[in-house]
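See structure below.
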Amino acid sequence: MTRTASRRDIPKAYDPKLVEKRIYDLWMDGGYFTPQIDRSRKPYVLMMPPPNVTGELHYGHALTTALEDLMVRWHRMKGEPTLYLPGTDHAGIATQVVVERMLASDDLSRHDLGRQRFVETVWQWVDRYGGTINEQIKRLGASCDWTRQRFTLDEGPSRAVRTTFVNLYKKGLIYRGERIVNWCPRCATALSDLEVKHQEDSASLYHIRYVLEDGGGAITVATTRPETLLADTAVAVNPGDDRYSHLVGKSVILPVLGRVIPIIADEAVEPEFGTGALKVTPGHDPADYEIGERHGLPIVNVMNLDGTLNDNAGHYEGVDRFDVRRQIVQKLEVDGLLEEVEDYHHSVGHCDRCGQVVEPIVSKQWWMRMAPLAKPAIEAVEDGRIRIIPERFTKVYYNWMHNIRDWPISRQLWWGHRIPVWYCGECAGVTVEHEDPDACAECGSDRLERDSDVLDTWFSSALWPHSTLGWPDQTEDLDYFYPTGDMETGHDILFFWIARMIMMGLENTSDIPFDTVYLHGLVRDPDGVKMSKSKGNVLDPLDLIDMYGADALRFALTTGNSPGNDMRLNEQKMEASRNFANKLWNAARYVITNLERGRSSGGWVWPPSPTHLEDRWVLSRLNRVAAQVDRYMNEYQFGEAQREVHDFLWSEYCDWYLEMSKVRLRAGDESPVPVLAFVLERLLRLLHPFMPFITEEIWRNLVDHLPREADAPTALIVAAYPQADASMFDEAAESGIGAVIEMVRAIRNLRAEFRIQPNQSLEATVDAPAIRRVIEAEAAAIRTMAQVDPLIIGSSSSATDRPASGQVVSLVLAQGTVTVPLGGLVDLVQERARLSKELEQVEGNRARLAARLRDEKFLAKAPGDVVERERQRLATLGDRGARITETLSRLG
RNA sequence: GGGCGAUUAGCUCAGCUGGUUAGAGCGUCUGUCUUACACACAGAAGGUCGUAGGUUCGACUCCUGCAUCGCCCACCA
């Protein structure tokens, strides 16, 4: 292909690699991501869910970023001062585990280093790898304000954590208590219920005989964890269980240890389960703990925090819990106390982080009283101040909030926000203050020791929307940007994070943290399997960006699925998205090439208001698309919005308008050029939130050729988002071009059916009095697109001049008939059959419509416009049917 | 034990206030390198919308039961 010297080379295929980095730098340099505080305008704010500081980009991040950034860019283009605030999370256990693993490769534990050196090591790790995730998020095109980036351990958010703790402590909403908690022996810390994942495991149910102290027989209990019998302090039966009622009040001898424990009655015992008798282990089972509380049973703890048994376990001290289980079972067998071993499936709690079986242990932890905090948070959703999308999750939210339990917030880790509590060595008093104390608040002693625990990571996450903006200080940012707008995240952290943000936001600021929660589903692999490192089916989004481009990845992740539903990502979808980007690229190449052919924009009317039917049609369609997109965006139906633009761009702008424009351009008529350019420019705007890189790149190449609009933007990222202009809606143009398209399609169809050579033109006679002027105006386009020559525009009278029947094929369209002489190619019998079949269809539809329009109930109850539409359709069908009948009769 | 979701073309999925001849991408079949694009163009085939009922003038869309798959919550040892 030869090019004149003046024409710039535009590559034939879009290459994202040449564009993305440069465009991102351009946005950064332009400062477009940092909003200007303008009191006269309401800002749009979206807080990025902070990824783990040492994390690497996975599909969850990619999806979340794609969705958030499209919302953010849309709002920014609507002229709202827009803040998309990024940040990272210190991710307590997760990060500590990673660093511990690294130490382990040098045969070191954190205890070898000591607390201070270990924390320093983690900080080094964070400094080294902490930037990785942000660089990866940039590659997706996230338009976040990096000048406001926050880390949960930053001074500001840390002070927010401290302030919240002290305030809630003083209000009595944070307290210290000894009770049963989930304990991970591997991580050596307490866990909240949410951090425990239950899995179905196969196990054994052991039936163990406990001999009565009075020698009068025995009672048999069933358990899956025989080792816990070392901590039994009772045997319980249901009070209504006749089998055992005579035993209540007696005592049994605990196997192995020989302790004497009572038999008690408690409603919690299910008579149908196992033997109907339950060994009660308040120290190591949550249900038993409650029974123990009701009956004042002593609590025995037989376990160390690393999962080995302690000195309460007799000679099992120091042995791992699972080894003890085996040894106890053996011992019971030897003693003849093991009656039966039943195969059994039940769900076992595992640590969410490391997968170890969690052990319920009684220990002293800090707790947050949740019920009082949940109440206003429930109300905020009930009264609509906060909306959850998709709506079905509001029920899930209510269910959890109504049954909320106190939250254990202390973690026996070293990495995190240290609990701001000092214990007095003199009087055992507790000092909790905003500033580090020098003396005990109770006795004034300086023998203070700080609590060694840190807070659950989610404690600081819960404050994110306000702590990042400066709270507890009344900063300008907080004042202007809070409460935020949309909160977008995966539905898997509805409880972990969303619910807690709502509670803490309301508590700390007396205001909601955001007004809308948008929850997305999981990204799955092509087989629908959840991606996980252990399964090895995790694809690296960065690889996909390298292969297909960030825009294609974003488009693939945000189309063809709906909020809250999981989605599969596969190669085909990536290819389709890349192809779409390429389609846009080439349409732009065509338009820009025409602009560069020296066709001056000097005399253009801008925006164009053309008279040509095709131009009016494409502008009308553009405005209808803009209206639809606006509707979908407002309803958070991002996939539908994109489909709308995609279909218009590909199927109407490219396949029809652009092809039609070639006809006029070849004839030396340059009038389509401004329209081509204008529609392209608006399409770039419409598409920018979804495919930011390619649209910005094309836009830069395009705008130099266009007339300057008032308030011309310096970059597409800040160009105004297109709003529908109803004055551009043009019914006549739409129905006119609709008829042209129908006609061209019918002739093409005929060409394929009769296997007409592509280069062979056909003669066609159009008989369509109702749209004669449209056909005349579009004759050149029809000739080219349908390969017709000559195109004879006839009237009813000229129909008689047609060649003899049997030589022609008649295409009976909605508003006209096209006859094409095909000579010997036409098989009279086949032609009659074809038309008869069509007639049959038309008549079928007509009969159905007519029946509906005869139905008085329909006429009485259906809305007027529906009835009117049906009447129109019936009339059109009637006309068409009549013409088919006439044609058939001529065939004889 | 509760709660939720899914079930639409061979595959992956849209279709959200009930009114089309039920759509898209991929795949399949037939043509075409037609100077924007073969990452493309033109044309075609392919669906009793899981199942049984109900509401309605009208149901893929609303209600109920059932089936299959998946998810969440819950202290049954």
Suppose you measure atom P in B:A40 against the same atom in B:C26; what distance do you get, rounded to whole Å? 7 Å
Polar atom pairs between nucleotides 56-60 of chain B and protein, under 3.5 Å, N or O only, would you list them?
residue, atom, partner, partner atom, Å
B:C57, OP1, A:K861, NZ, 2.1
B:C57, O2', A:D855, OD2, 3.4

Counting the atoms with a prime plus P, OP1 and OP2 as sugar-phosphate, which does A:S562 contact under 4.0 Å by heavy atoms, base, sugar-phosphate, or nothing? sugar-phosphate
Heavy atoms of other groups near A:E659 CD, more than 12 under 6.0 Å: yes
Counting N and O atoms only, with roles assigned by atom type, does the side chain of A:D406 sit under 3.5 Å from a partner on the main chain of A:M370, one being a donor and the other an acceptor? yes
Are A:F638 and A:Y518 near enough that their ring centres are under 6.0 Å apart? yes
Indicate yes or no: does A:K857 engage A:D855 in a salt bridge with an N to O separation below 4.0 Å. no
Side chains of A:D201 and A:H346: do they bring a donor and an acceptor to under 3.5 Å? no
Candidate list A:V358, A:V348, A:D352, test side chain to side chain contact (heavy atoms under 4.5 Å, CB included), partner A:K197, passing option: A:D352
A:I404 atom CD1 is separated from B:A74 atom P, nearest whole Å, by 11 Å
Residue pair A:T281 / A:Y289, side-chain donor-acceptor N/O under 3.5 Å: no
Using a 4.0 Å heavy-atom cut-off across all strands, classify A:Y344 as base, sugar-phosphate, or nothing. sugar-phosphate
Pull out every residue in residues 573-583 of chain A that has a heavy atom closer than 4.0 Å to any atom of RNA chain B, ordered by number, or say none. A:A576, A:R578, A:N579, A:N582, A:K583
Rounding to 0.5 Å, atoms CD (A:Q757) and CD (A:Q787) come to a distance of 11.0 Å
For the residue pair A:D193 and A:N182, confirm or rule out a side-chain donor-acceptor distance under 3.5 Å. yes
Could you tell me how far B:C73 sits from B:G54 if I compare only their P atoms? Round to whole Å. 39 Å
For A:R568, is there an ion pair with A:D525 - N to carboxylate O distance below 4.0 angstrom? no
Identify each atom pair where a protein N or O and an N or O of nucleotides 4-7 of chain B are less than 3.5 Å apart, giving names and distance.
residue, atom, partner, partner atom, Å
B:C4, OP1, A:K395, NZ, 3.0

Does the side chain of A:H284 come under 3.5 Å of the side chain of A:E359 through a donor N or O and an acceptor N or O? no
Whether A:K12 contacts B:U35 is assessed here as follows: a side-chain N or O lying under 4.0 Å from the phosphate OP1 or OP2. Is that the case? no
Option from A:T228, A:I219, A:L254 for which side chain to side chain contact (heavy atoms under 4.5 Å, CB included) with A:K279 holds: A:T228
Distance check, P atoms only: B:U68 and B:G27, in whole angstrom units. 35 Å
Do any of residues 629-645 of chain A sit with a heavy atom less than 4.0 Å from RNA chain B, and if so which? A:Q637, A:E640
In whole angstroms, the gap separating C1' of B:A77 from CD1 of A:I291 amounts to 9 Å
Given B:G43, B:A77, B:C37, which nucleotide is nearest the side-chain atoms of A:R748? B:G43
Span that lies between the P atom of B:A14 and that of B:C76, in whole angstrom: 34 Å
Looking for any heavy atom pair under 4.0 Å, which part of the strands does A:H646 touch: base, sugar-phosphate only, or nothing? nothing
Walking RNA chain B from its 5' end, the first of A:W650 and A:A287 to be reached, judged by nearest nucleotide, is A:W650
For B:U34, take OP1 and OP2 only and decide whether either is under 4.0 Å from a side-chain N or O of A:N759. no
What contact category does A:G274 fall into here, base, sugar-phosphate, or nothing, at under 4.0 angstrom with non-hydrogen atoms? nothing
If you only use heavy atoms from C-beta on, which nucleotide in B:A14, B:C73, B:C26 is closest to the side chain of A:Q572? B:C26
Could you measure the distance from the CD1 atom of A:I291 to the CD atom of A:E293? Nearest 0.5 Å is fine. 11.0 Å
Pick base, sugar-phosphate or nothing for A:E272, based on heavy-atom distances below 4.0 Å to the nucleic acid. nothing
For nucleotides B:U7 and B:U51, find the distance between their C1' atoms and express it as a whole number of Å. 11 Å
Rounding to 0.5 Å, atoms CG (A:N403) and CZ (A:R405) come to a distance of 9.5 Å
Can you tell me which nucleotide in B:A77, B:A36, B:G19 comes closest to the side chain of A:T224? B:A77
Give a yes or no on whether a salt bridge exists between A:R631 and A:E640, defined as a side-chain N under 4.0 angstrom from a carboxylate O. no
Side chains of A:E195 and A:S192: is there a donor and an acceptor less than 3.5 Å apart? yes
Quick test: give all pairs of protein nitrogen or oxygen and nucleotides 62-66 of chain B nitrogen or oxygen below 3.5 Å, distance rounded to 0.1 Å.
none

Nearest 0.5 Å, please: how far is SG in A:C654 from CG in A:L584? 8.0 Å
Whether the side chain of A:N586 engages the backbone of A:R589 through a donor-acceptor N/O pair (distance < 3.5 Å, no angle test) should be reported. no
Distance between the P atoms of B:A36 and B:U28, in whole angstroms? 28 Å
Nearest to the A:D655 side chain among B:A36, B:C73, B:A42, which nucleotide is it? B:A42
Would you mind classifying the nucleic acid contact of A:R405 as base, sugar-phosphate or nothing, using non-hydrogen atoms under 4.0 angstrom? sugar-phosphate
Could you tell me whether A:N845 contacts a base, only the sugar-phosphate backbone, or nothing, with contacts defined as non-hydrogen atoms closer than 4.0 Å? nothing
Inter-nucleotide P distance (B:U61, B:U17), Å rounded: 13 Å
Side-chain N or O of A:R568 less than 4.0 angstrom from OP1 or OP2 on B:C13? yes
So the stems of RNA chain B, runs of at least three Watson-Crick or G-U pairs (under 3.5 Å), are B:1-7 with B:67-73, B:10-13 with B:23-26, B:28-32 with B:40-44, B:50-54 with B:62-66
Classify the nucleic acid contact of A:D566 as base, sugar-phosphate or nothing, counting any heavy atom under 4.0 Å across all strands shown. nothing
For the CZ atom of A:F690 and the CZ atom of A:F580, what is their distance to the nearest 0.5 Å? 10.0 Å
Quote, to the nearest angstrom, the C1' distance that separates B:A52 from B:A59. 15 Å
Could you check how far CG of A:L519 sits from C1' of B:C72, rounded to whole Å? 13 Å
Identify whether any heavy atom of A:L658 sits under 4.0 Å from a base atom; if not, whether one sits that close to sugar-phosphate; answer base, sugar-phosphate or nothing. base
Taking the six-membered ring for Trp, are A:W585 and A:Y14 parallel (under 30°), tilted (30 to 60°) or perpendicular (over 60°)? tilted
Pi-cation contact, A:W407 with A:R500 (under 6.0 Å, within 45°): yes
Check every strand shown and say whether A:R854 touches a base, only sugar-phosphate, or nothing at a heavy-atom separation below 4.0 Å. nothing
With no hydrogens and no angle check, just 3.5 Å: does a side-chain donor-acceptor pair link A:Q642 and A:T559? no
Return the 5'-most residue of the pair A:R745, A:R225 with respect to RNA chain B, ranking by each residue's nearest nucleotide. A:R745
A:F273 side chain, from C-beta outward: closest of B:A14, B:A77, B:A36: B:A77
